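These notes are about the structure you will find just below.
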Protein chains: 2
Amino acid sequence: MYSCSDHKSCLSDALHVADKICQKKGLRFTSLRKIILEMIWSNHEPSKAYDILDKLKDVNLSAKPPTVYRTLDFLLENGLIHKLNSLNAYIGCSHPLEHNECFFLFCQECKEIKECCNKELAKAINQTASNNKFQPMNITLEIQGECQECTDKARL
Amino acid sequence: MYSCSDHKSCLSDALHVADKICQKKGLRFTSLRKIILEMIWSNHEPSKAYDILDKLKDVNLSAKPPTVYRTLDFLLENGLIHKLNSLNAYIGCSHPLEHNECFFLFCQECKEIKECCNKELAKAINQTASNNKFQPMNITLEIQGECQECTDKARL
DNA sequence: AAATAAATGTTATAATATAACATAACATAG
DNA sequence: CTATGTTATGTTATATTATAACATTTATTT
Ligand SMILES: [Zn+2]
Ligand SMILES: [Zn+2]
Ligand SMILES: [Zn+2]
Ligand SMILES: [Zn+2]
């Protein structure tokens, strides 16, 4: 699904933006936080906490679950990653701080995730909530299915 | 949020519909399945698997996690309940078999869940997917926030 | 340099879910 | 009705995901 022509720049952009955001907010972008964000951005697939832990152990023998979960919490709180509730997995945010209504397309075939933030859709969701006299605070929208590329491949 | 004037009829309706659906599909609505569906429908709040297990043990001393998860799977597969991924919890479906795009409002205050299925919104979501050349197969839309009643109460 | 705060290390355990195999209950063909 | 296959449930064990609680280290401020 994701045909990023140059993934190295996806990665370096993400790290650069994270660094900037942390500076602006007066937060410390420590090496642990950087390494884990880097792992999450190693591809466009969702990362599982314990897979991150395994990788982290190569670098940091004493890494334990709280090492990972605390760092994930930091990254989540600061909008640098998202949690995909339907997968119990984590993905880098492709536009941190721009807004807080991010929707996801998840291809079950190639496992790639795409963020598909969309004002119209956000509006429709807020309208639905409003019709129900409901004040939305946090929206989870995760769409599982098949991307065009994978559908095409299957037809060959 | 949910002001069902007569919850006994919510419950009995749900069980009756489940029974009918199982008959129509040639499935067995066993007492275990009935008891667990009944527990889930005991209120309009989400039920956790291990809470169900605890309650079940009062009736069936030998109940174990697979007892519950297998039954939840049966109920999920047949559209009688939904899983709320953002809560790891389960809720009865208020209109089984009508369609398969159910959205949820979850009040963080009173803990109640409301299904808010809506054709317009389903259309908007499908349109967004389609704009991304994506074939949706399963949609998770869970909106956490505060319901009117709880907002009003807070203002008193 | 001392005091404070933030981050990380460490140990233990909680909460959620499934694998694998055994037995029981039910359906239906002979 | 009874043998046979199928579906449901029982049972044991373990996998996966996540957090609590307290200790130590590192960074920042006074
Ligand atoms: Zn990329
Ligand atoms: Zn794909
Ligand atoms: Zn009711
Ligand atoms: Zn409420």
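Quantities reported herein were computed from a predicted structural model and do not represent experimental measurements. Note: hydrogens, waters and symmetry copies are ignored here, and every other heavy atom, side chains too, is used. Each chain gets a letter, A, B and so on, in the order the sequences are listed, and its residues count up from 1.
- Around NE2 of B/H95, the count of heavy atoms belonging to other residues, nucleotides or ligands within 6.0 Å exceeds 12.
- Checking A/N88 against A/K48 by side-chain atom types alone, no donor-acceptor pair falls below 3.5 Å.
- One interatomic measurement links the two molecules: CZ of A/F29 to C1' of D/dT26, which rounds to 18 Å at whole-angstrom precision.
- Between C/dA25 and B/T30, no contact under 4.0 Å exists linking OP1 or OP2 to a side-chain N or O.
- Side chains of A/N126 and A/E101: a donor on one and an acceptor on the other come within 3.5 Å.
- Within residues 68-88 of chain A, the residues having any heavy atom under 4.0 Å from DNA chain C are, by residue number, A/R70.
- Rounded to a whole Å, the CG atom of B/L27 is 16 Å from the P atom of C/dC26.
- In this structure, A/E120 contributes its side chain and B/A124 its backbone to no donor-acceptor pair below 3.5 Å.
- Side-chain atoms of A/E115 come within 3.5 Å of backbone N or O of A/S94 as a donor-acceptor pair.
- For the segment residues 48-64 of chain A, residues with any heavy atom less than 4.0 angstrom from an atom of DNA chain C are, sorted by number, A/N60, A/S62, A/K64.
- Not one N or O on the side chain of B/N60 forms a donor-acceptor pair closer than 3.5 Å with the backbone of B/L56.
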### Query
Please walk me through it: do B/Y90 and B/H82 pass ring pair (Phe, Tyr, Trp, His ring centres under 6.0 Å)?
CA-CA 6 Å; B/Y90 304 83; B/H82 296 287; over 10 Å; no

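- Here C/dA24 presents its C1' atom at 10 Å from CZ of B/R28, a figure rounded to the nearest Å.
- For B/Q144 and B/Q108, the side-chain atoms include at least one donor-acceptor pair closer than 3.5 Å.
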